[in-house]
Amino acid sequence: MAKLQLIDLGRQYESIKHEVEEAVLRVLRGGRYILGPEVKSFEEEMASYCGVKHAIGVANGTDALIISLIAMGIGQGDEVITTPLTFYATAEAIAQTGARPVFVDIDPETYNIDTSQIEKAITPRTKAIMPVHLFGLPAEMDRINAIAKSEGIGVIEDACQAIGARHKGKRVGSLGDIACFSFFPTKNLSCFGDGGMVVTDNDELAVKVKMLRFHGSKDKVSFEMIGFNSRLDEVQAAVLRVKLKKIDEWNELRRQRSLLYKQLLEGLPVKWQQVPEGVESVYHLFIIQSEKRDELVGILNENGISAAAYYKIPLHLQEAFSYLGHKSGDFPVAVKLADEIFAVPLFPEITEEEVRMIAETIGSFIS
Ligand SMILES: *Cc1c(COP(=O)(O)O)cnc(C)c1O
């Protein structure tokens with residue numbers, strides 16, 4: 001029996017094959033490959049989807065973060081507050097600008113940054129907070145924005161895992177000063193390679209981001225800043241336009257399958273990421289928490305079900321950040337979760353039967 005994958009991209013491809021292939025051929029035959037009509041249309045569609053004025057396509061989610069930070073004026077000597085439990089690129093982007101990532105521990109229920117601990121991490125050098133909407137669940141943005149406002153600092157959303165998620169009715173991407181998306185193949189909205197986007201309501205930031213993605217130039221003749229060559233290409237944009245039309249339907253299916261997981265796992269000695277009142281997750285991953293994580297991952301894999309520990313090493317303990325001088329006792333909640341959480345298969349096309357089979361395999365091992 002073929003192994004049930006964490007994310008089966010082949011099933012999604014089957015369901016949109018004709019539209020996607022037609023879109024790709026349209027670009028190949030059209031002769032415009034970089035910053036042409038597909039990117040422009042996709043940018044307009046994404047801005048409107050997120051409820052902001054501007055969307056700017058870039059090469060990947062990591063570049064989206066780096067470019068957003070630089071557009072916000074962040075660099076050498078500055079500090080940016082973020083979570084130690086996220087994909088490495090979040091903090092790497094901060095360090096790439098010359099700024100220092102300052103970690104704040106996470107909430108044990110939502111796995112997102114613990115907003116009650118942000119204020120004590122703020123110093124005169126703090127320029128921004130970069131919350132991550134982890135596994136598709138929006139961070140506590142009203143509290144984060146209130147702190148940022150009273151301190152006069154910026155808010156950059158790392159929304160790479162959370163396209164379409166809502167916080168108090170507003171979509172991620174519209175909740176801070178600027179926000180970043182990734183279209184890496186395993187994300188909820190994905191392309192056939194790398195892709196990313198910066199969205200913002202702020203006209204000045206949008207101008208800077210546009211310049212930064214093209215070598216710091218507005219007109220390709222005069223160069224005002226040291227920038228990047230970081231663009232979303234036409235083929236990927238054409239694919240993303242097809243998929244953006246389906247994203248709400250796909251996110252709804254993820255939600256339904258996740259609710260089924262919760263229903264089936266109820267009563268077992270496991271936990272999962274809690275969704276607070278007023279917030280809608282898009283369930284980028286279905287994450288289970290157990291003290292027997294490693295055994296469970298092993299049992300699932302032996303039974304033909306992919307399962308994987310996520311963020312096994314929190315960022316403050318990564319070798320690349322040893323210069324920050326953290327100890328393993330720092331951020332105890334993040335350290336505990338790094339030992340206990342894992343993802344089980346979840347994607348819009350997974351069937352109810354498959355979810356039942358996975359939940360039963362977990363149940364028979366731990367009960
Ligand atoms: C995927 C991801 C990124 C980086 O996106 P890429 O497109 O792979 O560069 C950054 N932050 C988070 C939280 C992510 O999940």
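Atoms within a ligand are numbered from 1 in the order they appear, just like the ligands themselves.
Two rings, from His316 and Phe331, have their centers less than 6.0 Å apart. Note: Phe321 and Tyr88 meet the aromatic proximity criterion, with ring centroids under 6.0 Å apart.
Of all protein heavy atoms, the one closest to atom 4 (C) of ligand 1 is Thr62 OG1, 3.5 Å. Annotation: atom 13 (C) of ligand 1 to nearest protein heavy atom, Asp158 OD2, 3.3 Å.
Using bins of under 30°, 30° to 60° and over 60° for the plane-to-plane angle, the ring pair Phe223/Phe214 lands in the parallel bin.
For the pair Asp194 and ligand 1, the shortest N or O to N or O distance does not fall below 3.5 Å. Considering backbone and side-chain atoms together, Lys187 places an N or O closer than 3.5 Å to an N or O of ligand 1.
Contact check for His54 versus Val199: no side-chain heavy atoms found under the 4.5 Å cut-off.
Counting atoms of ligand 1 from 1 in the listed order, those under 4.0 Å from a heavy atom of Gly61 are 5 (O), 6 (P), 7 (O), 9 (O). In summary, the atoms of ligand 1 found under 4.0 Å from a heavy atom of Thr90, numbered by their order in the structure, are 11 (N), 13 (C).
Selection from Ser182, Ala159, Ala59, Ala93 by nearest heavy atom to atom 8 (O) of ligand 1 gives Ser182.
A salt bridge does not link Glu79 with Lys127: every distance from a Lys NZ or Arg NE/NH1/NH2 to an Asp or Glu carboxylate oxygen is 4.0 Å or more. Note on Lys246 versus Glu19: salt bridge recorded, some NZ/NE/NH1/NH2 to OD/OE distance being below 4.0 Å.
Looking at Thr86 against ligand 1, only its side chain comes within 4.0 Å, counting heavy atoms.
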